[in-house]
Amino acid sequence: MRARITGTGSYSPSNVLTNADLERMVATSDEWIRERTGIRERHIAGAGEACSDLAVQAGKRALAAAGIAPTDLDMILLATCTGDYPLPATACLVQHQLGATKAAACDLSAACCGFVYALSVADAYVKTGMRHVLVIGSEVMSAITDWTDRNTCILFGDGAGAAVISASDGERGILSTHLRSDGNLCELIAVPGGGSRTPPSEKVIAERMQFIKMKGNETFKVAVRTLEEIARETLEANHLRVEDLDLYVPHQANMRILKAVVDRLGLPLEKVMLNLDRYGNTSAASIPIALDEAVRAGRIKDGSLVMLGAFGAGLTWASSLIRW
Ligand code: COA
């Protein structure tokens with residue numbers, strides 16, 4: 001028995017922030033952003049629109065695609081680093097809004113790897129008896145972005161993506177998931193203030209410690225190395241080759257990172273799902289949004305061999321191989 005993705009969905013807020021808009025906010029240019037990152041625009045949540053609001057919309061679409069009712073869910077796993085509140089878990093707010101009255105619900109924090117980590121948890125639960133698990137990646141990155149810092153504010157966007165994972169007989173489904181971390185590199189991407197180490201205070205606000213800080217250049221190099229390594233490890237574990245892949249769905253962080261990774265793997269760009277030009281980096285939401293677009297565009301069909309690849313703060317990196 002395998003855990004299979006039986007439905008996907010995604011949701012993006014209607015506000016769009018273009019590179020031209022950013023030119024009016026910080027010392028940057030559309031040309032610089034496109035050349036260095038590949039991003040043209042990103043969606044930004046409206047006033048009062050929180051992580052759970054995005055997650056509920058994506059979750060509803062995934063449930064509709066899977067053809068199951070909210071009451072069929074055994075569990076909701078929400079990957080996010082921008083939940084509505086520190087407490088309770090945002091997944092519980094989503095559970096209530098969806099009316100998933102029989103579902104357990106909790107959040108999972110693994111930054112941009114959150115969706116793949118959550119998928120691996122869902123895989124394990126389904127293999128040990130659960131029937132349907134809703135996995136959501138939802139982020140309001142704009143809430144932790146410093147809109148005066150040109151090094152980071154050009155990169156991120158808001159959105160949500162979701163997938164229903166169901167028990168299924170046969171060969172199709174999640175073949176394997178591979179998860180890694182290296183806390184020694186925790187300072188490459190961090191929000192230093194607002195947690196138990198440095199609780200909210202006037203000093204935190206004055207020093208803008210509630211926002212993401214990133215060492216972009218170093219992160220870039222580690223991302224290329226870890227994404228290549230984990231992709232190779234995943235294929236080897238399944239006795240498959242790069243040529244066997246139908247589609248690679250990577251975390252949409254930076255076009256240059258992804259080009260370097262697929263060059264090293266020897267994977268043609270036509271086999272890579274790319275939408276970061278329209279979304280920017282939506283952290284845990286990035287892979288499920290890309291996955292949903294690929295499914296709806298007919299780029300993933302029954303029997304397709306699909307690999308997910310993620311890296312992010314922690315540092316964490318992860319991958320999953322799926323026979324659709
Ligand atoms: N517009 C114009 N210039 C900018 C800029 C911006 N938005 N941001 C930085 N610069 C400047 C820098 O200040 C620097 O100027 P200097 O040489 O006068 O000091 C110059 O551009 C080069 O900066 P550098 O950081 O070396 O650029 P880069 O080529 O590494 O690109 C990133 C910067 C952030 C785009 C790139 O490092 C990156 O994408 N890293 C990975 C980040 C990531 O994906 N993080 C999320 C992981 S989940």
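Read the numbers this way: they start at 1 and go in the same order the structure lists the ligands and their atoms.
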In the structure I gave you, are the side-chain heavy atoms of [X] and [Y] within less than 4.5 Å of one another anywhere?
X: Glu49; Y: Val140; result: no
X: Val135; Y: Ile5; result: no
X: Met130; Y: Met75; result: yes
X: Leu258; Y: Val262; result: no

Checking a contact table here: which protein heavy atom is nearest [atom], and how many Å away?
atom: atom 21 (O) of ligand 1; answer: Trp32 CZ2, 3.4 Å
atom: atom 40 (N) of ligand 1; answer: Gly216 O, 2.9 Å
atom: atom 48 (S) of ligand 1; answer: Cys112 SG, 3.2 Å
atom: atom 47 (C) of ligand 1; answer: Phe311 CE1, 3.4 Å
atom: atom 11 (C) of ligand 1; answer: Arg150 NH2, 3.6 Å

Is any heavy atom of the protein nearer than 4.0 Å to [atom]?
atom: atom 19 (O) of ligand 1; answer: no
atom: atom 32 (C) of ligand 1; answer: no
atom: atom 5 (C) of ligand 1; answer: yes
atom: atom 16 (P) of ligand 1; answer: no

Distance in Å, [X] [atom1] paired with [Y] [atom2], rounded so as to fall on 0.5 Å steps:
X: Leu175; Y: His239; atom1: CG; atom2: NE2; result: 11.5 Å
X: Ser283; Y: Ile144; atom1: OG; atom2: CD1; result: 7.0 Å
X: Asn19; Y: Arg34; atom1: CG; atom2: CZ; result: 7.0 Å

Under 3.5 Å between some N or O of ligand 1 and some N or O of [X]?
X: Ala313; answer: no
X: Asn254; answer: yes
X: His251; answer: no
X: Arg36; answer: yes
X: Thr37; answer: no

What atoms in ligand 1 come closer than 4.0 Å to a heavy atom of [X]?
X: Ala253; value: 44 (O)
X: Ile154; value: 7 (N)
X: Thr28; value: 1 (N), 2 (C), 6 (C), 7 (N)

* Is ligand 1 under 4.0 Å from a heavy atom in the side chain of Ile189, in the backbone, in both, or in neither? -> side chain
* To do: Determine whether the side chain, the backbone, both or neither of Ala27 has a heavy atom under 4.0 Å from any heavy atom of ligand 1.
  => backbone
* Donor on one side chain, acceptor on other, Asp123 and Ser120, under 3.5 Å -> no
* **Identified side-chain contact (heavy atoms from CB on, under 4.5 Å) partner of Pro250 from the options Leu227, Val272, Leu276** => Val272
* To do: Please step through salt bridge (charged side-chain N to carboxylate O under 4.0 Å, His left out) for the pair Glu243 and Lys271, ending with a clear verdict.
  => CA-CA 10 Å; Glu243 300 80 69; Lys271 287 192 172 183; over 6 Å; no
* Check the pair His132, Ser166 against side chain to side chain donor-acceptor pair (under 3.5 Å), reporting the backbone distance first and the verdict last. => CA-CA 5 Å; His132 302 290; Ser166 306; 2.8 Å; yes
* Going by an N to O cut-off under 4.0 Å, is there a salt bridge joining Arg180 and Glu233? -> yes
Kindly identify the option in [options] whose heavy atom sits closest to [atom].
atom: atom 26 (O) of ligand 1; options: Asp30, Leu315, Asn217; value: Asn217
atom: atom 43 (C) of ligand 1; options: Met214, Glu218, Lys215; value: Met214
atom: atom 9 (C) of ligand 1; options: Asn281, Leu276, Asn151; value: Asn151

* Asked: Hey, is Ser283 one of the residues with a heavy atom under 4.0 angstrom from ligand 1?
  -> no
* Asked: Where do Cys112 and Asn281 come nearest, in terms of heavy atoms and distance?
  -> SG-OD1, 4.1 Å
* **Minimum heavy-atom distance between Pro13 and His43, given as atom pair plus value** => O-ND1, 2.6 Å
